[in-house]
Protein chains: 2
Amino acid sequence: MIDHWQKEPIGFLIGNTYRRLIHYVSLFLREFDLTTEQFAVLYRLREEDGINQKELALRSAKDQPTMTRILDNLQKKGWIEKKLSEQDRRAYLITLTPNGRERIEQAIPAEARAIADVFAGISPEKLAFLREILLAINENVNRHTHE
Amino acid sequence: MIDHWQKEPIGFLIGNTYRRLIHYVSLFLREFDLTTEQFAVLYRLREEDGINQKELALRSAKDQPTMTRILDNLQKKGWIEKKLSEQDRRAYLITLTPNGRERIEQAIPAEARAIADVFAGISPEKLAFLREILLAINENVNRHTHE
DNA sequence: GACATATAATTGTCAAAGCAATTAATTTCG
DNA sequence: CGAAATTAATTGCTTTGACAATTATATGTC
């Protein structure tokens, strides 16, 4: 079925795999009315509540307009709140609401199950290796874009 | 700068790396007025000219509505043509125009340079290993979505 | 042959991502 | 101090992607 992917250029293979992975995870998050990106943002907030949008965008590897819109959607659902920073009145500090906290705590095990399915049969050593390669790619991109 | 990514959950790490990679490649394709997805479709057509949209979508790992819209954009630029199939009058056969062929031939070396930057210092063995893991992920997703 | 079913492509809607431009507040510097 | 530059967030525009529904053509079955 996907035999022709064996010889796929690596860039396409990464992209296609990523889309399939994301799609699979999204099936698990659907029952929580969460997209994978909304999940990622709530997950980050669970670790670092009360940071501003710029910081949240940086840590989620998204740009600020994208973060604005994801937060809009999360706010409509009542899962985050934006409070004007007292130190800097341009900035909003983002916090999870009680409902938002409950939602992310419920979604985390489901997402973990999806990830477990996706990485089934791939040993911890291989996973560590994958992680290493991904970090190397990140560093290459950083290096080349900053010189 | 990206120290906090060291301990990032693997799903987020893959997504963030993918976005950074795609962004870097897109900088190289910009001078050819091509997005990475448009590049991918032209690249595929260069190998298999005259196939229908459904087949093209399948081989590019995109759904049909997405393919319709990418082709719309490529057609506006005059780089592909759609001809009604004589065997099946529901289907369009997609072909590269001479301009489209010229465009993809010019863009390929630029994309290759971007990919070379991104994978600099990563040995062929590691790349083969990465490919193996990505294929395993694909098979896992396939298996789980079809049972 | 006629009717039901399946298929190729399209359209519409929403989420996300990149980029450019804008607004409002803050910082820097002359 | 006050003007200029910087910064946080927002909005608009375009492309991609998932999903549902629609249209037109093909296929299968009675």
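Fair warning: this is a prediction, and the values are worked out from it, not measured in the lab. Any value given below was found using the heavy atoms of this structure, including those in side chains, with hydrogens, waters and symmetry copies removed. Here is the naming used below: chain letters follow the sequence lines, and residue numbers restart at 1 for every chain.
Heavy-atom nearest nucleotides on DNA chain C were determined for B:H23 and for A:K76, and the one closer to the 5' end corresponds to A:K76. The 5' end of DNA chain D is approached more closely, in terms of each residue's nearest nucleotide, by A:M67 than by the other of A:L27 and A:M67.
The aromatic ring centres of A:F28 and A:F32 sit 6.0 Å or more apart.
Residue B:Y92 places its OH atom among 12 or fewer non-hydrogen atoms of other residues, nucleotides or ligands, all under 6.0 Å distant.
Nucleotide C:dA17 holds its P atom 14 Å from the CG atom of A:D72, rounded to whole Å. Atom CZ of A:R20 is separated from atom P of D:dA18 by 10 Å (rounded to the nearest Å). Nucleotide D:dA9 holds its P atom 8 Å from the NZ atom of A:K82, rounded to whole Å. One can place CD of A:Q75 at 14 Å from P of C:dA15, the figure rounded to the nearest angstrom. Distance CD (B:Q53) to C1' (C:dT11): 13 Å, rounded to an integer number of Å. With rounding to whole Å, B:L21 atom CG is found 15 Å from C:dA17 atom P. The distance from atom CG of B:L42 to atom C1' of D:dT16 is 15 Å, rounded to the nearest whole Å. Computed from coordinates, the A:N52 CG to D:dT7 P distance equals 13 Å when rounded to whole Å.
Nearest nucleotide to the side chain of A:R30, out of D:dC19, C:dA9, C:dG18: D:dC19. Closest to the side chain of B:P65, from the set D:dA18, C:dA16, D:dA20, is D:dA20. Looking at the side chain of A:R69, the nearest of the listed nucleotides D:dG12, D:dA8, D:dT16 is D:dG12. Which of D:dT16, C:dA9, D:dC19 sits closest to the side chain of B:K54 comes down to C:dA9. Listed candidates were D:dC19, D:dT16, C:dA15. Nearest to the side chain of B:Q38 is D:dT16. Nearest to the side chain of B:N73, among C:dC19, D:dT15, C:dA15, sits D:dT15.
With 3.5 Å as the limit, one finds no donor-acceptor pair spanning the side chains of B:S85 and B:D88.
As judged by a 4.0 angstrom heavy-atom cut-off over every strand, A:Q64 is placed among the base-contacting residues. Within the 4.0 angstrom heavy-atom criterion, only backbone atoms of the sugar-phosphate kind lie near A:I70; the bases stay farther away. Residue-level contact check: A:R19 touches the backbone only, with heavy atoms under 4.0 Å from sugar-phosphate atoms and none from bases. Base engagement by B:T68 is indicated by at least one non-hydrogen atom pair under 4.0 Å involving a base atom.
Note on ring orientation: taking the six-membered ring where Trp is involved, the planes of A:Y43 and B:F12 are perpendicular (angle over 60°, cut-offs 30° and 60°).
A salt bridge does not link A:E55 to A:R44: none of the charged side-chain nitrogens sits closer than 4.0 Å to a carboxylate oxygen. Comment: A:K62 engages A:E37 in a salt bridge, judged by a side-chain N to carboxylate O separation of less than 4.0 angstrom.
Side-chain contact between B:P98 and B:E102 is absent, with no heavy atoms from C-beta onward closer than 4.5 Å.
The stretch residues 86-94 of chain B comes close to DNA chain D through B:D88, B:R89, B:R90, each having a heavy atom under 4.0 Å from the strand.
Judged by distance alone, the side chain of B:N99 and the main-chain N or O of B:W79 form no donor-acceptor pair under 3.5 Å.
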